[in-house]
Amino acid sequence: TDVTAKFGGFNVFGAYHFSHTDVNMGPAAGVPGNWRNHGIVAQGGFQITDEFEVFGRYEHIWFDSDLNANDLSILTGGVNYFISGHQAKLTADIGYAFKEMDVAGVAGQTGWRNDGGSDDGQIVIRTQLQLLF
């Protein structure tokens, strides 16, 4: 579930996510097949000019204890640059994961990588170009 509100040059976004996975992976896999994960996202932005917007975002995921995965806590800040109105948008952001990033929180398209050991935190710097057709 999510909600978005825009007023003046400000915008806010909040979301709650729940997933229930019930998969029989078999005893040989060593992983239970019934997980309940919860997550939240809170984001706010401010349109500085017609072309530039700054934003900040906080994300947290609570993984089911049966997954033996670290909960994720990520803080991100960035800027959007709008080209030709909203026909194109260039985004640049920097994010910090407060705990080690393990395989449960890694998704290839997000830029986060598996830390493997007991490393503390991880920083990711990303850019993205979106085109509207």
Side-chain angles (χ1 to χ4, degrees):
T1 183
D2 64 72
V3 63
T4 300
K6 297 180 180 182
F7 43 95
F10 291 96
N11 61 73
V12 293
F13 169 81
Y16 169 78
H17 177 80
F18 170 78
S19 69
H20 176 219
T21 304
D22 191 2
V23 178
N24 183 2
M25 299 187 75
V31 179
N34 192 345
W35 313 298
R36 289 174 176 82
N37 304 314
H38 303 265
I40 59 166
V41 176
Q43 178 172 306
F46 179 70
Q47 195 83 31
I48 299 171
T49 67
D50 288 342
E51 291 85 21
F52 285 99
E53 176 187 40
V54 294
F55 65 89
R57 177 175 54 245
Y58 177 75
E59 304 163 77
H60 194 95
I61 301 174
W62 294 270
F63 289 108
D64 192 296
S65 60
D66 287 341
L67 288 174
N68 293 320
N70 290 319
D71 291 347
L72 293 182
S73 183
I74 299 170
L75 186 62
T76 303
V79 62
N80 291 317
Y81 175 62
F82 296 96
I83 305 163
S84 297
H86 282 226
Q87 297 300 309
K89 178 174 73 170
L90 179 63
T91 301
D93 68 26
I94 182 168
Y96 180 73
F98 290 93
K99 296 181 180 179
E100 74 178 84
M101 186 68 68
D102 58 28
V103 71
V106 173
Q109 66 271 25
T110 63
W112 299 102
R113 300 293 181 252
N114 187 357
D115 284 331
S118 60
D119 297 334
D120 288 334
Q122 183 176 132
I123 296 173
V124 66
I125 299 172
R126 301 175 287 207
T127 59
Q128 164 180 289
L129 178 63
Q130 295 179 8
L131 303 174
L132 177 64
F133 294 100

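Note that the coordinates shown come from a computational prediction; the quantities given were computed from them, not determined experimentally.
- Side-chain atoms of N11 come within 3.5 Å of backbone atoms of G45 as a donor-acceptor pair (strictly under, hydrogens ignored).
- Taking each heavy atom of A92 and T127 in turn, the nearest pair found is CB-CG2, 4.1 Å.
- Applying the 4.5 Å side-chain rule to ILVMFWY residues, one finds V41 in the same cluster as F13.
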- Message: Does W62 form a side-chain contact (heavy atoms from CB on, under 4.5 Å) with I40? I'd like the steps, not just the answer.
- Response: CA-CA 9 Å; W62 294 270; I40 59 166; 4.0 Å; yes
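- If you chain together hydrophobic residues whose side chains sit under 4.5 Å apart, V12 and Y16 never meet in one group.
- Expressed to the nearest 0.5 Å, how far NZ of K89 lies from OH of Y81 amounts to 14.5 Å.
- F55 and F10 fall into different hydrophobic clusters, where Ile, Leu, Val, Met, Phe, Trp and Tyr side chains are chained together by heavy-atom contacts under 4.5 Å.
- There is a path of hydrophobic side-chain contacts, each under 4.5 Å, that joins I94 to F98.
- Linking ILVMFWY residues whenever their side-chain heavy atoms come closer than 4.5 Å, directly or via other members, leaves L132 and L90 in distinct clusters.
- Between the side chain of D71 and the main chain of F63, a donor-acceptor pair closer than 3.5 Å is present.
- The side-chain heavy atoms of L72 and E59, taken from C-beta on, include no pair separated by under 4.5 Å.
- Here NE2 of H17 is found 7.5 Å from CG of N37. Values are rounded to the nearest 0.5 Å.
- Residues F7 and I48 are members of one and the same hydrophobic cluster, defined by side-chain heavy-atom contacts under 4.5 angstrom among Ile, Leu, Val, Met, Phe, Trp and Tyr.
- Looking at every heavy atom in both residues, Y58 comes nearest to S73 through OH-OG, 2.7 Å.
- Other residues, nucleotides and ligands contribute at most 12 non-hydrogen atoms within 6.0 Å of the CG atom of D50.
- Below 30°, between 30° and 60°, or above 60°: for H86 and F82 the angle between ring planes is below 30°, a parallel geometry.
- Here the shortest heavy-atom pairing between Q128 and Q130 reads NE2-NE2, 2.5 Å.
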